[in-house]
Student: 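Sending over a structure as structure tokens; questions will come in a sec.
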Amino acid sequence: LTGFENLPAPQNVLLSSIDMIHLLRWSPVFVSGDSVRYTVEFQGEHEREYRNGMWQEVLECLDIVHPVCNVTADISSNVDYDLRVRAYQEERVSPWASIKKMFNRQDTVLTVPVFNVTARKEFLQADFTEMPKSIVFVLKYWPKGAEHQAVQVTSEQNPFVLVQIEEGVTYCLQAWTHVEVIHKSSNVSELQCVSIPSTLPPWV
Amino acid sequence: SVQIHELREYFSEIRKTIVGEDGNSGVRLLKEHAMKNIKPLESCCFLRQLLRFYVESVFNRYTPKDSQIRRRTSSLANSFLSINRDLRQCNAHLHCQCDEETKKRIEAIQSTFEKLDVSAATVKAIGELDYLLDWIETHHHH
């Protein structure tokens, strides 16, 4: 380490991205004395190619204490991004530590959506766990045993309310998520089948 | 079109400040007549040149002090780069080389831009992004 930079650089700098939430993590720097703080910077292709390799601050991660930074707001296009972090303690500062491989949001991992289905006489309701707004839910449903009659609906609203249903019929549902800006979908969920209550007694 | 939706969101976060900084409201870069009546085959090339103008002449010379504006300018610049890459593929298929008329339209925009000093010119160009996004939505939907 040279003179001013006599703090060790953060190690294990990793970018994890799940459902379009991009988090930078690193191992904390352990030194005696006051707490160590961190600052994170990003660089998109424009900064690399047209701004002489300029780095930009991640506004939410200036002088932070915890070794994690949500960079979602800055990973805001489909180019490759580089990210780096360094540590501070009083006057001491560490070298920068970068992610091993540049990150593109198209590599985000889209998880299979989790949803609960409620059956009423007049409608079917599918409640999904919340997702970032760039993610839409796609729901496919059909009368059990008649998948050829499947209806597919896409919605940013949550919950889904499906009204084109018939009393006494059992419906099967599957769902997945889709992110249009990266043209990518998740895997399909497990099948869920529910029966719509019927006003008529069973012997009719 | 979804990326346009994103661009509009980014620009909406900084529009008021940037348009407010434009001291040359009497001057317009993306003039209506320059953006109108572009032949369908030419629109791909026209757009590519315009995005390239923004990436290479506007965003890289724009140095805002405000961190939020810096953030969203970066989002816009990198998005333009990404869209232009997508257009390159479309360009490869359509083999659409700019004709003389399209070149003149782009040159007219660039010369108006160069007449202003850099700071004023970049503020104006970014402040006019609504015109560009409107044009893209109109011409790249059909």
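Chain letters run A, B, ... following the sequence lines, proteins first, then strands; residues in each count from 1. This structure is a prediction, so every number in the text was calculated from the model and none was measured.
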Student: Please classify the contact between E57(A) and chain B as side chain, backbone, both or neither, with a heavy-atom cut-off of under 4.5 Å.
Tutor: side chain
Student: Side chain, backbone, both or neither: which part of Y10(B) has a non-hydrogen atom closer than 4.5 Å to chain A?
Tutor: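 Answer is side chain: those atoms of Y10(B) sit under 4.5 Å from chain A.
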Student: Under a plain distance cut-off of 3.5 Å, with no hydrogens placed, do E47(A) and N78(B) share a side-chain donor-acceptor pair?
Tutor: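 Yes, E47(A) and N78(B) have a side-chain donor paired with an acceptor closer than 3.5 Å.
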Student: Has Y50(A) got a side-chain atom pairing as donor or acceptor with A77(B)'s backbone, closer than 3.5 angstrom?
Tutor: no
Student: H46(A) side chain to S74(B) main-chain N or O, any donor-acceptor pair under 3.5 Å?
Tutor: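 No, the answer is negative, given that no donor and acceptor are paired below the 3.5 Å cut-off.
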Student: List the residues meeting side chain to side chain contact (heavy atoms under 4.5 Å, CB included) with D134(B), not counting sequence neighbours, and say none if there are none.
Tutor: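 Once residues adjacent in sequence are excluded, the partners of D134(B) under the side chain to side chain contact (heavy atoms under 4.5 Å, CB included) criterion are R8(B).
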Student: After noting the C-alpha distance and the side-chain angles of N78(A) and Q3(B), does the key distance pass the side-chain contact (heavy atoms from CB on, under 4.5 Å) rule?
Tutor: CA-CA 10 Å; N78(A) 289 352; Q3(B) 288 204 37; 3.3 Å; yes
Student: Give a yes or no on this: more than 12 heavy atoms of other residues, nucleotides or ligands lie within 6.0 Å of atom CZ of R15(B).
Tutor: yes
Student: Working to the nearest 0.5 angstrom, can you tell me the gap between D86(B) CG and H183(A) NE2?
Tutor: 6.0 Å
Student: OG of S77(A) to CZ of R85(B): how many Å apart, nearest 0.5 Å?
Tutor: 8.5 Å
Student: Using a 4.5 Å heavy-atom cutoff, which residues in residues 23-44 of chain A come close to chain B?
Tutor: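 Against chain B, the residues of residues 23-44 of chain A that fall inside the cut-off (heavy atoms, under 4.5 Å) are F42(A), G44(A).
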Student: Below 4.5 Å from any heavy atom of chain A, which atoms of E9(B) appear? Answer side chain, backbone, both or neither.
Tutor: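 Side chain only.
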Student: Once you round to the nearest 0.5 Å, how far does OH of Y62(B) lie from CZ of R51(A)?
Tutor: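 Result: 10.5 Å between the selected atoms.
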Student: For the residue pair S75(B) and A73(A), what are the closest heavy atoms and their distance?
Tutor: OG-O, 4.4 Å
Student: Please check if atom CG in N52(A) has more than 12 non-hydrogen atoms from other residues, nucleotides or ligands closer than 6.0 Å.
Tutor: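 No, because the 6.0 Å sphere around CG of N52(A) holds 12 heavy atoms or fewer from other groups.
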Student: Give a yes or no on whether Q152(A) atom CD has more than 12 heavy-atom contacts from other residues, nucleotides or ligands under 6.0 Å away.
Tutor: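 Yes.
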Student: Applying a heavy-atom distance below 4.5 Å, give me the residues of residues 105-123 of chain A that approach chain B, sorted by number.
Tutor: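 R105(A) fall under the 4.5 Å cut-off.
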Student: Test of understanding: with side chain to side chain donor-acceptor pair (under 3.5 Å), list the residues that count as partners of T73(B), not counting sequence neighbours.
Tutor: none
Student: Would you give the length of the straight line joining atom CG of N104(A) to atom OG of S82(B), rounded to the nearest 0.5 angstrom?
Tutor: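 Rounded to the nearest 0.5 Å, the CG-OG separation comes to 8.0 Å.
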Student: Determine yes or no for a side-chain-to-main-chain donor-acceptor pair under 3.5 angstrom, with R71(B) supplying the side chain and Q56(A) the backbone.
Tutor: no
